[in-house]
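Notes to accompany the following structure.
Predicted, not measured: the structure shown is a model, and the values here were computed from it. We count ligands from 1, going down the list as the structure has it; atoms in each ligand are counted the same way. Just so you know, residue 1 is the first one in the sequence shown, and it goes up from there.
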Amino acid sequence: MPILPATAGPLYDPADPAVMADPFPAYKRLQTEDPVHWSPVLKSWVVTRYADVRSVLLHDAMSVSKLNAFYKSLPPDDAARMRDIVHYLNLWVAFQDPPQHTRMRMILRKAFMASSFNNMTSDITNIVDYLLDDLSGRNRIDFIADFALRVPAYVIMDLLGVPRAMLSEIKAWADDMAVFIAGARNANDKYTRAERGCRKMAGYFRELIIERQKNKQRGFLTDLINANENGDKLSDDELVATCILVLFAGHETTTNLIGNSLLTLLKHPVHFAEFKDTPEKTDTACEEIMRFDGPSNGIVRTVTTDHQLGDKTLRAGDRVYVMLNAANRDPAVFDQPDTLNLARKPNRHLVFGTGIHTCLGVQLARQEGRIALRSFADRFPDVSLINAEPPQWQDAMVPRGLKTMPVYLTGTARQTEPSHAEDNL
Ligand code: HEM
């Protein structure tokens, strides 16, 4: 393993608040000085060039399965408490390697290609319009809590046939599970909470699936239940696990997509004006906006067989952070990568990954992003950031998203007023 001299500071420190707020200068440095970088901070490789990122994601000596090793390392008491959550996470297609992955993905593709998944345009439009109606009359909102979080939550619930009245319960269970999935460091009771959230969530989806098997109502859940490859179908446990995965995979990423996209436009007023004036170019513009500051900084792999990447040897067992947002700014692939160009074409960004694990929800995510951004800009063309309350980034390395983004909906006139006068608006 390469070891830096004791005096050298880290070339990349993901926990540095300045890097979290704007990781792109650090990515540029890594791309130029050490594109396959051993991070002493992360005890992992950090890969930033487009070609290397692709090569890792396409390499068959890279694994996504990491839970079993973790589970085996737990003290017996903790392992006993974690049984259910580990069981279901191990059934996520996202955490499986071939041949298990190949089998499950073939079956899932049938459901994700069906019309119930891909014809969500009018549902998304209704949800977005409903949320926008709810905002009208207000002068300031938190764009994340009041809009970006709510769009994908309602879309995923509608997709799976979960009544909207269940939102707060589902959110509480998901939050409990997330302390484990996102690896929260400070939660003392994280195993107990995660297991409790998982049991409740699994129990709920199991009932929903049984109900759907009886009444055969049309929709994505029915397509999942019926999906088969030469007669091979998902087991009941796989169905439950996939419902939980869809809930997680489709939520935070899409929230980040919508939040980062509006922030990018607000920081580029000339481009925002162009966006508002050219609705016919929404699709191309949204691809560029997500390339520019995408919703996941990176994804993780574990090396299964020693091999070379650039001038470095990756050893079996090493962890690799594959930085998608860095690759999407690589000058070897994108002309003037740090310039927002809403007409950029082609735009081969890696926001949805590549290779065998490429995002299965890409069509839905794109539809949500386009409809949310276009409808919001049409309804509130004068939206602006609040100078006294800048957006706050999440304290996380892998997801790239905002915790809060206070905005004025009706223009900048009130920016001159003292900020305490805004609190009760
Ligand atoms: C902006 C929104 C989204 C982004 C940026 C995104 C991004 C990604 C990425 C990068 C991967 C590959 C992960 C890897 O290689 O380890 C992935 C996988 C996946 N995504 Fe998404 N995703 C989004 C939305 C969705 C939605 C809405 C759904 C479903 C409703 C979804 C379902 C999945 C699934 C099931 C996988 C695993 C595929 C596999 O392992 O074969 N995603 N996503």
Side-chain angles (χ1 to χ4, degrees), residues 47 53-54 56-59 62-66 89-114 116-118 120 123-124 148-149 151-160 162 219-221 223-224 227 234 238-239 241-261 286-287 289-291 293-302 319-325 327-328 349-373 398-401:
V47 176
V53 164
R54 267 180 60 81
V56 170
L57 294 179
L58 296 171
H59 207 293
M62 293 289 178
S63 168
V64 291
S65 143
K66 49 198 162 209
L89 294 186
N90 266 325
L91 294 177
W92 280 14
V93 68
F95 290 164
Q96 289 183 12
D97 294 324
Q100 291 83 353
H101 175 266
T102 320
R103 168 195 165 259
M104 202 169 183
R105 175 119 184 167
M106 301 263 268
I107 301 173
L108 285 179
R109 271 194 51 195
K110 301 274 169 74
F112 279 85
M113 285 170 68
S116 59
F117 189 78
N118 291 299
M120 290 284 288
D123 294 71
I124 300 169
L149 265 166
V151 174
Y154 285 143
V155 170
I156 294 291
M157 289 174 75
D158 278 12
L159 185 77
L160 291 170
V162 177
F220 178 66
L221 186 55
D223 291 339
L224 268 183
L234 297 183
E238 286 171 336
L239 280 169
T242 300
C243 288
I244 300 174
L245 167 61
V246 165
L247 200 80
F248 272 90
H251 192 193
E252 188 189 18
T253 41
T254 316
T255 296
N256 294 351
L257 173 78
I258 297 171
N260 297 6
S261 295
C286 285
E287 293 305 303
I289 296 165
M290 71 173 101
R291 175 198 74 82
D293 198 347
S296 305
N297 275 323
I299 45 188
V300 185
R301 294 288 187 266
T302 306
R319 196 166 42 180
V320 184
Y321 284 89
V322 188
M323 307 312 285
L324 304 174
N325 272 355
N328 289 338
H349 65 70
L350 296 173
V351 166
F352 298 103
T354 191
I356 60 171
H357 289 281
T358 301
C359 181
L360 275 165
V362 56
Q363 298 304 343
L364 181 66
R366 283 199 158 110
Q367 281 178 333
E368 282 184 70
R370 289 167 185 171
I371 295 169
L373 205 58
V398 168
R400 167 87 174 146

Quick one, D123 and Y154 - any side-chain contact, counting heavy atoms below 4.5 Å? no
Looking at N260, is its backbone amide N or carbonyl O close enough to the side chain of D293 to form a donor-acceptor pair, meaning the two atoms are under 3.5 Å apart? no
Proximity of P295 to ligand 1 by residue part, where a heavy atom lies under 4.0 Å: side chain
Please state which protein non-hydrogen atom is closest to atom 15 (O) of ligand 1 and give its distance, to 0.1 Å? R301 NH2, 2.6 Å
Where ligand 1 meets F117 - atom numbers and elements under 4.0 angstrom, heavy-atom basis: 30 (C)
Return the option from T253, I258, I299, D97 holding the heavy atom at the smallest distance from atom 1 (C) of ligand 1. T253
I want to know if ligand 1 touches H357 in the polar sense, i.e. an N/O pair below 3.5 angstrom. yes
Proximity winner for atom 2 (C) of ligand 1, if only heavy atoms of S296, A249, A365, G355 are counted: A365
Classify the contact between L245 and ligand 1 as side chain, backbone, both or neither, using a heavy-atom distance cut-off of under 4.0 Å. side chain
Ligand 1 N/O within reach of E368 N/O, cut-off under 3.5 Å: no
Identify, for atom 19 (C) of ligand 1, the protein heavy atom at the shortest distance, and state residue, atom and that distance. C359 CA, 3.6 Å
Between CE on residue M120 and CD on residue E368, distance to nearest 0.5 Å: 7.5 Å
Would you mind telling me if ligand 1 is within reach of the side chain of M290, the backbone, both or neither, using heavy atoms under 4.0 Å? neither
Using a 4.0 Å cutoff against the non-hydrogen atoms of H101, which atoms of ligand 1 qualify? 39 (C), 40 (O), 41 (O)
Under 3.5 Å, N or O to N or O, is T254 touching ligand 1 that way? no
